**Q** 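Before anything else, here's the structure in question.
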Amino acid sequence: MYNAGIVPNRVTMVNALGACAGFRAMEMGVRIHDFIRRNEWELDVIMGTSLIDIYLKCGRIDEGLKAFISMKEKNVSTWNALIQGLGFAKSEREAVCRFNRMEQEWFEADHVTLATVLNACSHSGLVDMGRQIFSSLINGNYGFSPSVNALCMFDRTLGMRWPYGNLELSDIAAKKLAELESDNVLIMFLLSTLHAEVGRHSDDASGEVMTNERQWTYGVG
């Protein structure tokens, strides 16, 4: 394009950044960003979000955060790019912190946001936070019904802690999945597996109680 004497415009650069993010072409992405700075282009929502996307997908967290902070205007897509990118860069706890900040600044989360942050909760072990977000989702606090992705992420979050009493909530997630995907064999398998797990852990708990009772009885005798 340069060789042909054609000066790229904002649309061209946004598309180029998207391609760089897809191929993890960090060097080219940096060159595009340098061009943007040299021409003193303001980072609008679309271009700024594209920069955040490529920097975080390539593991350049500091540069991605700088781009985010420098933006005068942001929307939910901008926040999603940040939260998703932090999760992709293995900074899941930071992703959850940014989700909290997003809510504090009164941005409304969408399906993508919730599926992403629940995934971050799953990988970072923040089960209580995942449970809180899921409860708000089920109670309609976000203004929409849970998506399949969000429910799957929640099930993964609770699946990390079977012994700690999360089976009932995970069962709720699976039932919601069944409502959304009634003809999905994998969802039906998940639900049946959860029912089996609930029964098994219930039996284990009963067995433990009976064992303790026997020990106590023998000790008294």
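Nothing here was measured: the structure is a model prediction, and the numbers come from that model.
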**Q** Phe88, Leu114: one ILVMFWY side-chain cluster at the under-4.5 Å cut-off?
**A**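 No, Phe88 and Leu114 fall in different hydrophobic clusters.
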**Q** Could you report the tightest heavy-atom contact between Leu118 and Gly130, atom names first, then the distance?
**A**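 Answer, listing the atom of Leu118 first, then Gly130: CD2-O, 3.7 Å.
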**Q** Quickly, which of Leu51, Thr49, Leu82 forms a side-chain contact (heavy atoms from CB on, under 4.5 Å) with Phe68? Name it, please.
**A**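 Result for side-chain contact (heavy atoms from CB on, under 4.5 Å) with Phe68: Leu82.
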**Q** According to a hydrophobic-cluster definition based on side-chain heavy atoms being under 4.5 Å apart (Ile, Leu, Val, Met, Phe, Trp, Tyr only), do Met28 and Phe23 belong together?
**A** no
**Q** Hydrogens and angles aside, do Asn9 and Thr12 bring a side-chain donor and acceptor to less than 3.5 Å of each other?
**A**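 Indeed, the side chains of Asn9 and Thr12 share at least one donor-acceptor pair under 3.5 Å.
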**Q** Hey, are the side chains of Thr113 and Glu108 touching, using non-hydrogen atoms and a 4.5 Å cut-off?
**A**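 Answer no - side chains too far apart.
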**Q** Restricting to non-hydrogen atoms, name the atom on Ala120 and the atom on Glu92 that form the minimum distance, rounded to 0.1 Å.
**A**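 Nearest heavy atoms, Ala120 then Glu92: O-CB, 3.5 Å.
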**Q** Report the distance from atom CG of Leu56 to atom CG of Asp62, rounding to the nearest 0.5 Å.
**A**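 It is 10.0 Å, given to the nearest 0.5 Å.
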**Q** Taking Asp53 first and then Lys57, would you say they form a salt bridge - that is, a charged N and a carboxylate O separated by under 4.0 Å?
**A** yes
**Q** If I take atom CD1 from residue Ile36 and atom CG from residue Leu17, how far apart are they, to the nearest 0.5 angstrom?
**A**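 That separation rounds to 5.5 Å.
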**Q** Considering only residues two or more places apart or on different chains, which pairs with a residue in residues 97-106 satisfy salt bridge (Lys or Arg N to Asp or Glu O under 4.0 Å)?
**A**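 Residue pairs passing salt bridge (Lys or Arg N to Asp or Glu O under 4.0 Å), neighbours aside: Glu94-Arg98, Arg101-Glu105.
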**Q** Run the side-chain hydrogen bond (donor to acceptor under 3.5 Å, both in side chains) check on His33 and Tyr55 step by step: do they pass?
**A** CA-CA 10 Å; His33 193 189; Tyr55 275 129; 2.7 Å; yes
**Q** Going from CD1 on Ile32 to CG on Asn15, what distance comes out if it is rounded to the nearest 0.5 angstrom?
**A**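 CG of Asn15 is found 10.0 Å from CD1 of Ile32.
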**Q** Taking all non-hydrogen atoms of both residues, which atom of Ser91 and which atom of Ile61 are closest, and how far apart?
**A** OG-CD1, 3.1 Å
**Q** For Ser124 and Arg93, which heavy atoms make the closest approach, and how far apart are they?
**A** O-NH2, 3.2 Å
**Q** Tell me whether Val112 shares a hydrophobic cluster with Val96, the cluster being built from Ile, Leu, Val, Met, Phe, Trp, Tyr side chains joined at under 4.5 Å.
**A** no
**Q** Going hydrophobic residue to hydrophobic residue with side-chain gaps under 4.5 angstrom, can you get from Met71 over to Phe99?
**A**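 Met71 and Phe99: one cluster.
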**Q** Can you tell whether the side chains of Arg31 and Asp34 come within less than 4.0 Å, N to carboxylate O?
**A**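 Result for this pair is no, no salt bridge flagged.
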**Q** Nearest 0.5 Å please: distance from the SG atom of Cys97 over to the CE atom of Met102.
**A** 15.0 Å
**Q** Which atom pair, heavy atoms only, marks the closest approach of Gly87 to Ala95?
**A**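 For Gly87 versus Ala95, the nearest heavy atoms are N-CB, 4.1 Å.
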**Q** Test the Lys74-Phe107 pair against the cation-pi criterion, namely NZ or CZ under 6.0 angstrom from the six-membered ring centroid and within 45° of the ring axis.
**A** no
**Q** Enter the distance from Cys20:SG to Met13:CE here, rounded to the nearest 0.5 Å.
**A**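 Taking SG in Cys20 and CE in Met13, the distance rounds to 9.5 Å.
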**Q** Under 3.5 Å, which donor-acceptor pairs link side chains of residues 40-47 to any protein atom two or more places apart or in another chain?
**A**
from: Asp44; atom 1: OD1; to: Ile46; atom 2: N; distance (Å): 3.4
from: Asp44; atom 1: OD1; to: Met47; atom 2: N; distance (Å): 2.8
from: Asp44; atom 1: OD2; to: Arg10; atom 2: NH2; distance (Å): 3.2

**Q** Short question: side chain of Asn139, backbone of Ser135 - any donor-acceptor pair under 3.5 Å?
**A**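 Looks like yes, one N/O pair under 3.5 Å.
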**Q** Side chains of Thr78 and Asn75: is there a donor and an acceptor less than 3.5 Å apart?
**A**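 Yes.
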**Q** Roughly how far, to the nearest 0.5 Å, is SG of Cys121 from CG of Leu126?
**A**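 Going from CG on Leu126 over to SG on Cys121, the span is 5.5 Å.
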**Q** Would a 4.5 Å heavy-atom cut-off, applied to side chains only, mark Ile133 and Tyr142 as touching?
**A**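 Counting from C-beta outward, Ile133 and Tyr142 do come under 4.5 Å.
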